[in-house]
Amino acid sequence: MSVETTYPFDQQVITQLSQSLKEPDWLLADRLEALELATQLPLPKVEQTNISGWNFTNFKPYTEESPVQIDQLPDHVKSYLFDEKSGNLLVQKNSSVVFKQLADELAQKGIIFTDLTTASREHGDLVKKYLTQAVKKEEHRLAALNAALWTGGVFLYVPRNVEVEVPFQSLFWAAGENVGIHPHILIIADENSRVEFVANYVGDDLVSLNNSVIEVFVRQNAQVRVATINNMGKSAVEVIYRRALVDRDGKMEWIIGDLSEGRIISDNTSYLNGQGGTANVKAVALGVGKMRANITSNIHHFGTYTNSDIQARSVMKDEASSILNSITKIEKGASKSDGQQSGKVLMLNPKARGDANPILLIDENDVKAGHAASVGRIDPIQLYYLMSRGITKEQAEKLIIFGFLDQVISEIPSESLRQNIIHVIEGKFGA
Amino acid sequence: MSVPKLTIKDLHVAVEGKEILKGVNLEVKGGEIHAIMGPNGTGKSTLASALMGHPKYEVTSGTVTLDDQDLLEMAVDERARAGLFLAMQYPSEISGVTNSDFLRSAINAKRGEGNEISLMKFIRELDKKMELLEMDESFATRYLNEGFSGGEKKRNEILQMLMLQPRIAILDEIDSGLDIDALKVVAKGVNSMRSPEFGCLIITHYQRLLNYIKPDFVHVFMQGRIVKSGGPELAERLEAEGYDWVKEELGIEDEAANPTA
Ligand SMILES: Nc1ncnc2c1ncn2[C@@H]1O[C@H](COP(=O)(O)OP(=O)(O)OP(=O)(O)O)[C@@H](O)[C@H]1O
Ligand SMILES: [Mg+2]
């Protein structure tokens, strides 16, 4: 049974918008179909978190912005970007892409890096083939809403045998009363290619929604690393469904920093469809204030000789609470596969809450799998030890927290990214 | 720098509601080395922990001053910055925090904002002290005490002392678990600190350590207080004859050697 839901946007609004952006007809048809689904489908099932009261639908559906220069971005926003002069970069403010840049030599190699709307006009066949094929609009109401309402977005296509050294960066900046954004990122790494992509989501305390999707197609023997850093404000509901489909010998790596302060559904799911595929997840979360997070890392092993590793760490301050789900599913036939996971939560204050759910679902005998999970509070004896050397309580807590996160952060291969994550976390501890 | 003075007067301390220290009196001044010896479970570590401000130990009465400051009013980190150091019997392990990051944070906490030690100078100091203590340089980048052997932890406590240059140090069984070579190295570290600006209180079960660090005063600890004091010869007699003669002399009857065993 499903409940009819009504929204502050309708077929007419979506049709007008799509037409004004000169989107192809198939896309408008897709959007309208998704909108219809959104009114019928239930919310996703989220372990141990009741999301029925969360606001997914009350927001300003479209807030247009004019183009900007990078120098005009406020410092707290610009600080997420690195190598912004030479870099391949796309900035979206609210509903509009306000800046994009792709190095000439990369364009000449056949790389496509643009907003998704433009891509749908200029590379319609490619977009149509992949869009909403990893995160399907039929899955649940939130996926359908994103499919119906996305604006701006990113399309990244890396052709066969092309390897890119510098990461592609994107920044989704939401600002203003009741603003809601629906970013959609679509990445296709063709056979034997290699690419790295960073998505930053930044929002102020007035913003009410970030419902975003990332779809990644890792073709045979391709290597893709996607990093997301989320830092939305207190009032925002944030939904981020990331999904990778990994072909034979492909390698997918997720680096995830869930640092937003509102309510969060953060999901990364990788399907290891071909033989010899690999998926690694490094996820850190920091909760402050009344942050509520449900964070899931999910790996499905279908191919033989597939490998996965999930490393998730969550630190909860104040009254924050997080559920950390790590799911490793090894399907029948995925023999010689190896799935490892470790999820740990550290709580700093008596009112902070956390839970770690390690889930191993194994339908094949000839595999290796392992998990570690823990939930704990900061050890007062450790604090005492550090303080007995003159270190203040705040500083001692910080050392312990960064020590706890270090197993994940120190493994992040990009120095700039590592520094960004550390910088945002340090910011949450104030002066 | 002034000559430090730690003054303990009639100190009573309880753990989980049970009184452990029952009136400790002691004064440790710069230039002096004091040794405390006593049977297991008589409260020696309790004294050390209470002085440092361990959260489990509750001072029920008495006073402690460092110079003229009320030590008991201070938070643990303030005590340390005032110049107190405790080499712990069982140091904590802290994962993910390297020894050198930890030491630099501690040094900078004492020096204060705007006066941080330069990285070059820090590394130079650290190299020097680690060499003195014959520690492999890998210990600088290892996580704090994690996976250290008992002896390595003790050596690391002394490294911290040398880096932080406290004014009064309490060494709680710094010699336990050390082989003779390590013992000599640790003693060398402590002796390198000796000066009128440094006072030291050594808690030990073994006279052996005191062959290498000559104490000025030796105190016998029983039933939660100092029951007898003397010079280095007292340590030798305790080593040779045990504690029975002290008990007899003082009419102590029921001092259990292992009250919790
Ligand atoms: N945290 C604690 N919780 C409960 N009891 C404690 C605690 N700390 C100390 N005690 C008790 O206080 C008494 C004194 O302990 P303490 O560690 O001070 O002895 P000690 O003289 O240092 O002994 P040792 O020579 O074995 O190190 C013991 O009976 C011990 O069990
Ligand atoms: Mg002891």
Side-chain angles (χ1 to χ4, degrees), chain A residues 257 282-286 311-315 342-350 372-412 418-419 421-422 425-426 429-431, chain B residues 48-57 74-113 141-146 153 156-157 159-161 163-167 169-170 172:
Chain A
K282 295 179 180 67
V284 298
L286 173 68
Q311 294 287 332
R313 299 289 180 276
S314 161
V315 174
S342 135
K344 298 181 181 173
V345 184
L346 179 68
M347 295 168 291
L348 302 187
N349 302 67
S374 71
V375 178
R377 297 198 176 268
I378 206 157
D379 177 358
I381 304 305
Q382 287 188 338
L383 265 187
Y384 161 69
Y385 185 67
L386 294 177
M387 288 172 69
S388 80
R389 301 318 188 220
I391 297 169
T392 60
K393 182 158 187 241
E394 292 70 35
Q395 181 72 17
E397 281 182 349
K398 232 161 90 170
L399 280 172
I400 293 173
I401 291 157
F402 276 105
F404 172 79
L405 297 174
D406 188 72
Q407 282 175 337
V408 176
I409 292 180
S410 68
E411 294 296 312
I412 296 173
R418 212 162 40 228
Q419 289 311 324
I421 291 177
I422 290 172
I425 293 177
E426 282 192 326
F429 282 89
Chain B
S49 301
L51 291 175
M52 197 70 245
H54 189 295
K56 272 217 157 173
Y57 297 79
M74 297 184 213
V76 176
D77 55 320
E78 291 171 327
R79 296 179 196 201
R81 291 197 300 274
L84 187 67
F85 182 88
L86 169 59
M88 299 194 190
Q89 190 172 359
Y90 303 108
S92 293
E93 302 189 1
I94 300 181
S95 186
V97 179
T98 65
N99 219 358
S100 77
D101 280 352
F102 157 66
L103 276 168
R104 203 144 66 96
S105 301
I107 287 173
N108 284 334
K110 185 155 176 197
R111 293 172 64 110
E113 234 171 86
T141 49
R142 278 179 64 178
Y143 291 154
L144 179 52
N145 292 331
E146 195 177 67
K153 281 183 185 162
N156 204 40
E157 292 289 285
L159 175 66
Q160 293 172 37
M161 181 180 78
M163 291 298 286
L164 294 171
Q165 294 284 310
R167 303 170 66 232
I170 305 165
D172 191 358

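In what follows, chains are A, B, ... by sequence order, proteins preceding strands, each numbered from 1. Worth knowing before you read on, the calculation uses all heavy atoms, side chains too, and leaves out hydrogens, waters and symmetry mates.
For the pair I94(B)/L386(A), a side-chain contact is recorded, criterion being any heavy-atom separation below 4.5 Å from C-beta on. For the pair M52(B)/Y384(A), a side-chain contact is recorded, criterion being any heavy-atom separation below 4.5 Å from C-beta on. Contact check for M88(B) versus S388(A): side-chain heavy atoms found under the 4.5 Å cut-off. Between V97(B) and F402(A) the shortest side-chain heavy-atom distance does not fall below 4.5 Å.
P166(B) does not touch chain A: none of its heavy atoms, backbone or side chain, sits under 4.5 Å away. Residue L144(B) touches chain A through its side chain alone, counting heavy-atom pairs closer than 4.5 Å. Looking at E93(B), only its backbone comes within 4.5 Å of chain A, counting heavy atoms on both sides. When heavy atoms are compared at a cutoff of 4.5 Å, Q395(A) approaches chain B solely by way of its side chain, counted from C-beta outward.
Taking every heavy atom of both residues into account, A80(B) and G390(A) meet most closely at CB-N, 3.2 Å. The shortest non-hydrogen separation linking D77(B) to T392(A) is OD2-CA, 3.4 Å. Residues I391(A) and A106(B) share a closest heavy-atom pair of CG1-CA, 3.6 Å.
Residues passing the side-chain contact (heavy atoms from CB on, under 4.5 Å) test with T98(B) are S100(B), D101(B), Y143(B), sequence neighbours excluded.
A salt bridge (charged side-chain N to carboxylate O under 4.0 Å, His left out) check over residues 375-392 of chain A, counting only residues at least two apart or in different chains, returns the pairs R389(A)-E157(B).
Screening L86(B), N145(B), V76(B) against Y385(A) for a side chain to side chain contact (heavy atoms under 4.5 Å, CB included) leaves a single residue, N145(B).
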